[in-house]
> 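Take a look at the following structure, please.
Quick caveat, the model's predicted, so the values are computed rather than measured. The analysis underlying the following values was restricted to heavy atoms, covering all of them including side chains, and did not include hydrogens, waters or symmetry mates.
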Amino acid sequence: MKSSPRISLGKYRDLVLLIAVFILIDASVSAINIYISHQIEADASRINAAGQMRASAQQLTKGLLTLEMEFRAGQPTQTSQAQISQARLGFLDAQKVLQGKPGQVAGGSFLEPAALQIQVADELAQIIQVWQPIDREVAPLLLNEPLDMETVGAAVNKAVTRNNRLTQLADDLGQSVEQLAQQKTSSMRSIQMAAIALAFLNFCFIVFKFIVRLSNSDNEAAQARQETERIMGSVREGLFLLTRERTVGNQRSASLDKLFGHQLKPGDNFHQVLSRICTLENAEAAEHYIDVLFNRKIKQALLEQLNPLKEIELINANKQRKGATYVSFEFDQIREDNEVVALLVSIFDVSDEVRLERELASAESRAKGEIDLLLGVLDHNPETVAEFLQSARRNLQLINQELQGVQPALQSYPQLINRIARTLHGLKGEAGTLGCNSITQEIHEFEALLTPLRGRPSIQGDDLIPVAVALSRLLAEIAKVDSIINRIRQHVAGRSNTEGQSDPLWETLQSIEKFALKVADDLNKKVRIETAAPRLNEIPPHIAGILKQAVPQLIRNAIAHGIETPEEREQQGKASTGLVRVEIAHEPNGTLTMTVHDDGRGISASHLRTVLVARNLKTPEEVAEMTDDQVVAMLFEPGFSSLDQAHIHAGRGEGLAVVKDALREIDGRLRITSRVNSHTRFIMQLKPI
Amino acid sequence: MKPSTKPISMLIVDDSMVIRNRIARLVANPQLPAINICGLAGNGEIAVQMARENRPDLVTMDLTMPHMDGEACIESLADFLPDAQILVVSALSDKATALRAIRKGAHGFLHKPFTDTELLDSLLELIG
């Protein structure tokens with residue numbers, strides 16, 4: 001900014017020089033004009049002087065003749081004497097002028113041809129030579145003394161004899177001087193013409209220079225404009241300057257039209273435009289953000305995280321606008337003299353990025369699901385998983401047949417729904433134990449579908465259609481896992497028989513432990529699993545059933561209902577990690593006991609009473625009459641859960657009912673011991689077969 | 001800012017001790033000019049009191065705090081310390097609230113959780 005005057009002087013230096021020369025030439029022409037006029041004046045006076053010399057000579061002669069005549073007649077002579085004196089002085093004056101005495105305009109002789117100068121000087125000298133004898137004779141006549149005839153006669157004689165010669169010479173001199181003046185005038189005119197021509201040429205040159213310069217800078221400006229237009233026309237980002245008045249600047253990139261249709265014009269109020277193209281919330285936030293950016297104390301780099309116009313969806317109310325669906329705005333402060341004078345707004349079309357991000361996220365979650373499935377299944381004995389899948393398929397197909405053959409009756413629909421729910425919950429526990437997460441998820445969704453049906457007073461045949469659909473989806477998922485398992489089994493079969501004797505009970509407990517940790521992880525609880533079991537070469541089938549169905553349910557209950565959150569445990573002075581212990585032991589009488597113990601919050605009969613009333617399962621009166629044991633026994637009723645919200649691991653109220661059914665099948669017994677805030681222990685006693 | 005001979009004084013305001021100590025530790029980084037921590041405040045009230053006593057040049061400010069929240073605290077600090085540079089360090093996902101805090105007189109925003117580099121860059125930008 002500060003250097004600009006110097007730059008412009010440098011740019012216009014030669015022009016300034018030319019103008020100075022022009023003024024100089026003009027001044028010279030004026031000087032020459034003044035000089036010429038003086039010279040002409042001087043020359044005129046010289047020509048006059050030559051004429052005066054001639055006239056004075058004649059006047060003198062005439063005066064002398066008159067004096068002689070008057071003197072002879074004895075008349076007074078004063079008048080003729082004065083005439084003679086005047087003529088003589090006139091001659092002397094003219095002589096002085098022609099001789100160039102001081103006080104006269106001098107110079108100019110350099111313009112006079114030398115030959116003419118010499119001629120004039122010669123002629124003047126001759127005149128003076130002729131004149132001097134006359135002057136000598138005349139001088140005594142002019143004294144105040146009485147005249148004598150002799151003096152007068154001599155003067156008259158001199159004057160008359162020399163008069164013709166003098167006149168002739170004065171004529172010649174006049175002509176010479178005039179010639180001299182003419183020649184000088186013409187040379188001076190030539191000089192003047194030359195100076196004027198020079199000045200004119202100079203002027204033309206200046207104009208030419210000026211035009212060239214103007215057109216050059218015009219060209220440069222046009223080129224710069226063209227470049228800017230090309231940039232603005234082809235840059236992909238939407239670009240414009242936002243003024244302090246929050247209006248859109250004049251220079252804008254053509255891509256703005258592609259991004260916004262024709263909704264962003266120069267001079268538009270940016271906030272109004274924003275409120276048309278994005279949500280009011282975003283527009284308002286943007287207004288505040290822009291206000292802050294115009295504050296000179298704020299640095300945009302420190303505020304980028306607050307930019308509300310990142311990846312915003314553009315409103316497309318009438319579906320007519322073409323262009324981007326998602327855009328990001330970026331703002332850059334433009335500072336001059338430490339004030340933010342404008343914001344450079346860049347707008348990027350991020351539709352593709354947002355779409356790709358979403359596709360990637362869904363692909364990732366799909367891939368993660370499949371990998372989870374694979375990894376989960378790989379953790380377990382493929383034979384066990386295959387067995388589970390087979391039995392699950394069999395159970396579900398049975399249900400399918402029932403679903404098709406069910407008689408429309410008041411009781412049969414709800415009964416069927418309840419049976420489906422119980423089967424599903426059992427399968428969910430087993431699937432979870434075996435790491436078949438996709439099946440667990442599918443069953444969970446299936447259960448969510450059943451829950452509203454179970455609360456309904458009457459169920460129509462149509463209500464069962466979504467149930468059938470969910471059932472076929474579940475079967476499809478099972479088939480998918482089955483195909484993976486079969487491939488793993490083939491792979492394992494190819495290299496089996498090399499390993500030693502396996503310990504099936506230990507393997508089962510391992511998968512139970514994995515399951516427990518996963519449940520705890522899903523519920524954000526910390527759990528340590530302890531197992532204690534005798535070594536068995538094979539698991540008796542009735543125990544296998546309990547291990548597969550009942551134990552996972554009990555563990556799930558222990559973690560979901562028993563173990564508290566780490567914070568809660570700390571508040572109660574317990575270790576933040578809860579303990580779940582699974583023990584299997586042989587009694588001396590051949591009975592096998594399986595214990596699932598947790599050190600959680602215990603079962604509170606009084607809490608259960610309030611839940612029973614709150615769920616409208618019992619009236620307050622009925623509850624008041626029940627013993628604590630009876631209240632706890634309600635846990636085993638289908639559909640009872642003390643949790644308010646169902647999630648994948650609890651809250652459907654099926655878990656303990658499944659345990660009860662499984663035990664009933666093999667004539668087992670179940671005991672519960674519990675103390676509030678201390679522990680809960682489920683003890684299953686299985687008689688030997 | 002102050003001439004380089006005098007170290008920059010800084011107040012750290014956050015209700016989490018972990019965050020306060022982390023910021024204090026990062027401030028000793030050689031990339032930064034000499035910064036003298038003049039106070040660690042766990043809520044807005046203490047922060048205002050410390051700021052009155054020590055008049056810091058730099059403040060890092062949490063928004064959600066007990067007793068006096070960040071917004072009120074910024075308003076108060078901007079009133080009697082107009083030259084202090086205030087950096088909001090918050091986990092707040094609501095941009096509108098954060099912007100409101102900025103308009104009350106803060107100068108920058110850093111989202112929690114932040115990396116060491118992010119905090120250093122923000123402080124350098126704030127000082128520079």
Side-chain angles (χ1 to χ4, degrees), chain A residues 242 244 246 270-271 274-275 277-314 326-335 337-340 343-345 347 350 354 357 566-567 570 576, chain B residues 1-2 8 10 23 26 31-32 57-64 70-71 74-75 77-79 81-115 117-128:
Chain A
L242 182 61
R244 282 190 78 90
R246 314 296 193 266
F270 186 52
H271 294 318
L274 272 185
S275 58
I277 60 174
C278 66
T279 62
L280 277 179
E281 252 178 313
N282 277 335
E284 206 171 298
E287 191 170 349
H288 293 157
Y289 184 66
I290 289 167
D291 284 351
V292 169
L293 285 182
F294 270 112
N295 180 345
R296 66 185 166 85
K297 286 185 175 176
I298 298 287
K299 291 176 180 167
Q300 94 214 12
L302 285 168
L303 281 190
E304 263 158 23
Q305 292 178 335
L306 294 181
N307 181 0
L309 297 183
K310 276 203 174 147
E311 295 191 357
I312 56 160
E313 188 173 6
L314 292 178
Y326 288 89
V327 292
S328 284
F329 286 71
E330 276 180 19
F331 300 90
D332 290 284
Q333 290 174 322
I334 298 175
R335 288 172 187 267
D337 299 331
N338 201 28
E339 279 293 341
V340 181
L343 298 180
L344 172 65
V345 185
I347 303 156
V350 292
V354 170
E357 255 169 44
E567 297 79 32
E570 276 168 20
S576 64
Chain B
M1 300 289 339
K2 294 281 166 72
I8 297 161
M10 175 166 163
I23 296 176
L26 284 170
Q31 280 182 43
L32 290 169
D57 305 309
L58 270 183
V59 181
T60 69
M61 177 71 67
D62 191 11
L63 285 184
T64 44
E71 224 177 297
I74 288 170
E75 208 170 2
L77 292 191
D79 192 38
L81 279 180
D83 292 331
Q85 297 278 315
I86 303 174
L87 178 69
V88 174
V89 182
S90 170
L92 215 64
S93 56
D94 171 21
K95 288 180 179 175
T97 311
L99 265 177
R100 209 166 55 230
I102 300 287
R103 292 165 80 204
K104 293 262 166 77
H107 302 90
F109 180 87
L110 178 62
H111 201 271
K112 264 200 257 180
F114 51 85
T115 65
T117 323
E118 280 170 347
L119 182 72
L120 279 183
D121 288 349
S122 294
L123 288 177
L124 278 170
E125 182 76 22
L126 205 61
I127 296 167

> Could you measure the distance from the CG atom of A:L303 to the NE2 atom of B:H107? Nearest 0.5 Å is fine.
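Separation between the atoms: 10.0 Å.
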> Is it true that a side-chain atom of A:K299 and a backbone atom of B:E125 form a donor plus acceptor pair closer than 3.5 Å?
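Yes; at least one donor-acceptor contact below 3.5 Å.
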> May I ask you to check whether over 12 heavy atoms, not counting those of A:Q300, lie within 6.0 Å of atom CD?
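Counting other residues, nucleotides and ligands, CD of A:Q300 exceeds 12 neighbours.
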> Is it the case that more than 12 heavy atoms not belonging to A:E339 sit under 6.0 Å from its CD atom?
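Yes, the 6.0 Å shell around CD holds more than 12 heavy atoms from other groups.
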> Return the minimal non-hydrogen interatomic distance between B:R103 and A:D291, and the atom names on each side.
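Looks like NH2-OD2, 4.5 Å.
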> Output the distance between atom CG (B:L99) and atom CD (A:E287), rounded to the nearest 0.5 Å.
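The distance works out to 11.5 Å.
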> Let me confirm one number: the CZ-CG distance from B:R100 to A:L306, rounded to the nearest 0.5 Å.
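So the CZ of B:R100 and the CG of A:L306 are separated by 12.5 Å.
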> Rounded at 0.5 Å granularity, tell me how far CD1 in B:I102 sits from CG in A:L293.
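Interatomic distance, B:I102 CD1 to A:L293 CG, rounded to 0.5 Å: 10.0 Å.
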> Heavy-atom cut-off 4.5 Å, strictly under: side chain, backbone, both or neither for A:N295 against chain B?
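Looking at A:N295, nothing touches chain B.
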> In Å and rounded to the nearest 0.5 Å, what is the CD to OG distance from A:E304 to B:S122?
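Reported value, rounded in 0.5 Å steps: 10.0 Å.
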> Out of the candidates B:L123, B:L126, B:V88, only one should pair with A:L302 under the side-chain contact (heavy atoms from CB on, under 4.5 Å) rule; please name it.
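Result for side-chain contact (heavy atoms from CB on, under 4.5 Å) with A:L302: B:L126.
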